[in-house]
Engineer: 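Before we start, here is the structure in question, set down as structure tokens.
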Amino acid sequence: MKVLSVTSEVYPYIKTGGLADVTGSLPKALKSFGVDSVTLVPGYPVFFPMAYASEPLFEFDDLLGERAAIRFLQSADLMLFILDIPALYDRPGTPYLDEHGIDHPDNWKRFAALSLAAALIASGELPGWQPDLVHTHDWQSALTSVYMREMGCEKPVVLTIHNIAFQGQYPATLVPYLHLPPSANNVGCLEYYGDISFLKGGLMTSDVITTVSPTYAREILTPRFGMGMEGVLKVRRDSLRGILNGIDDDVWNPETDELLPQTFDLANVDLRRKNRRRLEQRLGLDDDGGPIFSAISRLTWQKGMDMLAYASDYLVFSGGKLIVCGKGDADIERMLLEAAEKHPGRIAVNIGYSEELAHLIHGGSDAIIQPSRFEPCGLTQLYGLRYGSIPVVSRTGGLAETVIDANDAAMNAQVATGFQFHPVTTEGLCHAIRRAMDTYNNPKQWQQVQTQGMKARFSWERSAGQYASLFRSLARKSGTSSGVEMQRATG
Ligand code: ADP
């Protein structure tokens, strides 16, 4: 069957977080289940001149008032439709922010255009290719199903929520500029507390809503985690499912990782020491026996990075070292930089985004800290597990599901893979750091937790199978697919 995946970011081309990892790796995993995906993305500068190598597949004279073209780009693992609208996408910055860190003022139009193009492709506008199903991701592509229903296109749509904190909320006065009729602004569609919400429109008009872990699927039905959408989700409760994210084993594999100075596997975990030493040298950390705790994360309240800053004194006084790699809120960046200044040789803070450093940190540090206040799935703890960097995490969302706490029972049963804490407070985090430190001082126990973690498998195989069977049952129900039996393709 054929799926159109619509997204604002996709690894390895453009990434600000886990969404890109997922949209970049799921198509490859789905292929072995007989699902062929094409991914529609905005034509950011990174895609050019590659995407100009061939003629456009199709041109729109007027897509929300802009001339637009669909171009095609194929890599080893991905087939991409690039939505080429220079006026909207050819500019510096990230997909969401300009070079000064401010939201692009026309984000509503940039992502509405993406969604409208997707809906037109779903409706058969593109000669020679039509999907059986559309898969949208977060608010940036959530309007796709709104446009499709307005066009009378009943093809199935699955909307995946990667983070419900971002909702695409705008003044209702924008509705005519979205080329939608006033009737779309009703409580059953876009209307949201007097404004409109792109995400809500998608939640109300998609066939199935998934989110990236079963725990988060339950959590977002509550006011604490639903961020205002809990009522809408309760209405759609029967169509809400949690499917855990997987990791791309080709990109995140310590045995073959070309970004690591030293590769290793379970039989040679000792080799990690070389990476650890490289990390210490590169970031100016002391060369002593204390464990290195690391955070690779957006530096935000959601990720609990303020709590990490508060806990940093405790971590250092307990004999640990800390690496932080990330960027985010100015206040939190400042708090962490001050901590590094206060503890030279013990804390290193790298403000920025570096895929290469992220791999080295996973392959060289002893523990990965993720004290999130909420976490839909979380990928860094999964990379940590795979690379023998033991996760220290809050017990929420996907973190609760993917890490087995090293309590006495789990240690005795030899199933523990990390350290969890709850409630999610600075004290809770300090307590988890203390437990990790105690275990580190008992090398046999530490190795046991590390080994269990490295054995845990969170590759896409299982989750992609769940997406594939969901897609196929929806396509069969709506009559858009040939109804071929769900079979894993061989070879
Ligand atoms: P998010 O909520 O940010 O999407 P996830 O844990 O789901 O969180 O995914 C985060 C992804 O972004 C991971 O691939 C992680 O390695 C990456 N990442 C986050 N911060 C950085 C950074 N500073 N440098 C490199 N990669 C980063």
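Order of listing sets the numbers, starting from 1, for every ligand and every atom in it.
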Engineer: Can you classify the ring geometry of Trp252 versus Tyr383 as parallel (below 30°), tilted (30 to 60°) or perpendicular (above 60°)?
Structural biologist: parallel
Engineer: With side chain to side chain contact (heavy atoms under 4.5 Å, CB included) as the test, pick out the partner of Ser37 among Leu4, Leu133, Leu30, Leu26.
Structural biologist: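 Filter result, single survivor: Leu30.
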Engineer: For ligand 1, output the ligand-protein N/O contacts shorter than 3.5 angstrom; if there are none, return none.
Structural biologist:
from, atom 1, to, atom 2, distance (Å)
ligand 1, 2 (O), Arg298, NH2, 2.8
ligand 1, 2 (O), Lys303, NZ, 2.9
ligand 1, 3 (O), Arg298, NE, 2.8
ligand 1, 4 (O), Gly18, N, 2.6
ligand 1, 6 (O), Leu379, N, 2.8
ligand 1, 8 (O), Lys303, NZ, 3.0
ligand 1, 9 (O), Gly18, N, 3.1
ligand 1, 14 (O), Lys15, NZ, 2.8
ligand 1, 14 (O), Asp21, OD2, 2.5
ligand 1, 23 (N), Cys325, O, 3.3
ligand 1, 23 (N), Gly326, N, 3.4
ligand 1, 23 (N), Gly352, O, 2.9
ligand 1, 24 (N), Ser354, N, 3.0

Engineer: Does CZ in Arg462 sit with more than 12 non-hydrogen atoms of other residues, nucleotides or ligands closer than 6.0 Å?
Structural biologist: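 No.
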Engineer: Which word best sums up how the rings of Phe111 and Trp139 line up, parallel for under 30°, tilted for 30 to 60°, or perpendicular for over 60°?
Structural biologist: perpendicular
Engineer: Going by the rule side chain to side chain contact (heavy atoms under 4.5 Å, CB included), which residues pair with Asn163 if we only count those two or more places apart in sequence or in a different chain?
Structural biologist: Ala165, Phe166, Tyr216, Arg298, Gln302, Phe374, Pro376
Engineer: Looking at the rings of Phe33 and Phe471, which for Trp means the six-membered one, are their centres under 6.0 Å apart?
Structural biologist: no
